[in-house]
Amino acid sequence: MDREAEHLPEFKRMHHLTYRKNLRSVTVVWGIFSACFVILNAVAFIQPQWIGDTESSPGTGFFGLYEYCEQLQIGGEYSCRGDFMDFTTLTNDSFRAASMLVGLCNLLFIFAVVCLLLFCFLKAATVLKICGALQIIGCICMALGCIIYPNGWDDERVRLTCGKEADKYKVGQCQVRWAFILSIVLIFNALGLASLAFMLAAKQANLLQKSEYRKQKYLK
């Protein structure tokens, strides 16, 4: 039994323990969803399906953050180029910046998941605040990446696939594909996870303050 509940009447003790149990359960769910975010963000990062051709496009191919694929001949296989570890192979500066920001977002969320180990050494409220801070910065990076990415649609390689109408924030005769949509959805997911982390931290801190108050009152 928790020491915090030792000096409470029976009915309040049961309510206190139930509240703590529910709080821990929500924290576990938050941790699981944070880990799922890392996986989904990694998928969006490596997939070259951010924008791509349509039936009316003059060219065939699709583009990701750092990789672009084109079909050299009708019915043939796609040839993909671009290496995140070699920035000179990336399509343009906007795509480079977007890939860095989305990659940084994933790295921050990985750190947040790893920080869950700190529950063994630090107070829960402190750990949740650290994780929440990492996640809110990651959310900002993800949002900036999605905003900056369309700025590179005026690139000559993009226009060869999407037509001359393609320009900054104009996809031309191409279409936005699922990886870009997933990334936009993940912005709101990241914001929700960060907000939940701070909310849980506040509840944990409030619970600790009440516990200390009760102990002081009992000692008097």
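Numbering of residues begins at 1 and proceeds along the displayed sequence.
Between Glu165 and Lys170, the closest heavy-atom pair is O-CB, 4.1 Å. Looking at every heavy atom in both residues, Lys168 comes nearest to Asp154 through NZ-OD2, 3.2 Å. Of all heavy-atom pairs between Leu182 and Ala44, the closest is CD2-CB, 4.0 Å. For Thr88 against Arg96, the heavy-atom pair with the smallest separation is O-NH2, 4.2 Å. Scanning all heavy atoms of the two residues, the minimum distance from Val102 to Phe45 falls at CG1-CD1, 3.9 Å. Minimum heavy-atom separation, Ser94 to Asn151: OG-ND2, 2.9 Å.
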Decide side chain to side chain contact (heavy atoms under 4.5 Å, CB included) for Trp50 and Val176; before the verdict, give the C-alpha distance in whole Å, the side-chain angles of both, and the deciding distance to 0.1 Å.
CA-CA 6 Å; Trp50 281 55; Val176 172; over 6 Å; no
Trace of the side chain to side chain contact (heavy atoms under 4.5 Å, CB included) decision for Thr27 with Phe119
CA-CA 11 Å; Thr27 303; Phe119 277 116; 4.0 Å; yes
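Across the pair Cys69 and Cys80, the gap between the SG atoms, which is the quantity tested here, stays under 2.5 Å.
Hydrophobic clustering of Ile, Leu, Val, Met, Phe, Trp and Tyr side chains at less than 4.5 Å, counting indirect connections, keeps Tyr169 apart from Leu65. Ile39 and Phe111 fall into different hydrophobic clusters, where Ile, Leu, Val, Met, Phe, Trp and Tyr are joined by side-chain heavy atoms under 4.5 Å apart, directly or via other members. No path of Ile, Leu, Val, Met, Phe, Trp and Tyr side chains, each step under 4.5 Å between heavy atoms, connects Ile140 with Phe37, placing them in separate hydrophobic clusters. Residues Leu118 and Phe109 share a hydrophobic cluster, clusters being chains of Ile/Leu/Val/Met/Phe/Trp/Tyr side chains in contact below 4.5 Å. In the hydrophobic clustering of this structure, Leu116 groups with Val26; members are Ile, Leu, Val, Met, Phe, Trp, Tyr whose side-chain heavy atoms approach within less than 4.5 Å, directly or through other members.
Leu90 contributes atom CG, which lies 5.0 Å from atom OG of Ser99 (distance to the nearest 0.5 angstrom). Rounding to the nearest 0.5 Å gives a distance of 10.0 Å between OG of Ser183 and CG of Leu40. Note that the OG atom of Ser57 and the CG atom of Leu160 stand 12.0 Å from one another [nearest 0.5 Å]. The line from SG of Cys105 to CG of Asn41 is 4.5 Å long, rounded to the nearest 0.5 Å. To the nearest 0.5 Å, atoms CG (Leu128) and CD (Gln135) are separated by 9.5 Å. Atom CD1 of Ile147 sits about 10.0 Å away from atom CG of Leu101, to the nearest 0.5 Å.
When side chains are defined from C-beta on, Trp178 counts as touching Gln47, because their heavy atoms get closer than 4.5 Å. Counting only heavy atoms from C-beta outward, the side chains of Arg177 and Asp53 approach each other to under 4.5 Å. Annotation: side chain of Arg81 is in contact with side chain of Glu70 (closest heavy-atom distance under 4.5 Å).
Residues meeting the side chain to side chain contact (heavy atoms under 4.5 Å, CB included) test with Val29, sequence neighbours left out: Phe33. Residues satisfying the ring pair (Phe, Tyr, Trp, His ring centres under 6.0 Å) criterion with Phe95, sequence neighbours excluded, are Tyr149. Val171 meets the side chain to side chain contact (heavy atoms under 4.5 Å, CB included) test with Ile51, Trp153, Cys174; sequence neighbours excluded. Every residue two or more places apart in sequence or in another chain was checked for a salt bridge (Lys or Arg N to Asp or Glu O under 4.0 Å) with Glu67, and none qualifies. Thr161 is linked by a side-chain hydrogen bond (donor to acceptor under 3.5 Å, both in side chains) to nothing, counting only residues two or more places apart in sequence or in another chain.
In this structure, Tyr78 and Phe62 have tilted ring planes: the angle between them lies in the 30° to 60° band.
Using modelled atom types, one side-chain atom of Thr89 and one backbone atom of Asp83 make a donor-acceptor pair closer than 3.5 Å. Here the side chain of Asn92 pairs a donor or acceptor atom with the backbone of Gly152 at under 3.5 angstrom. Under the 3.5 Å distance criterion, the side-chain polar atoms of Thr54 are left unmatched by any main-chain donor or acceptor of Gln175.
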Quiz: residues 186-200 side-chain donor-acceptor pairs under 3.5 angstrom, not counting sequence neighbours:
{"unit_1": "Ser195", "atom_1": "OG", "unit_2": "Leu191", "atom_2": "O", "d": "2.8"}

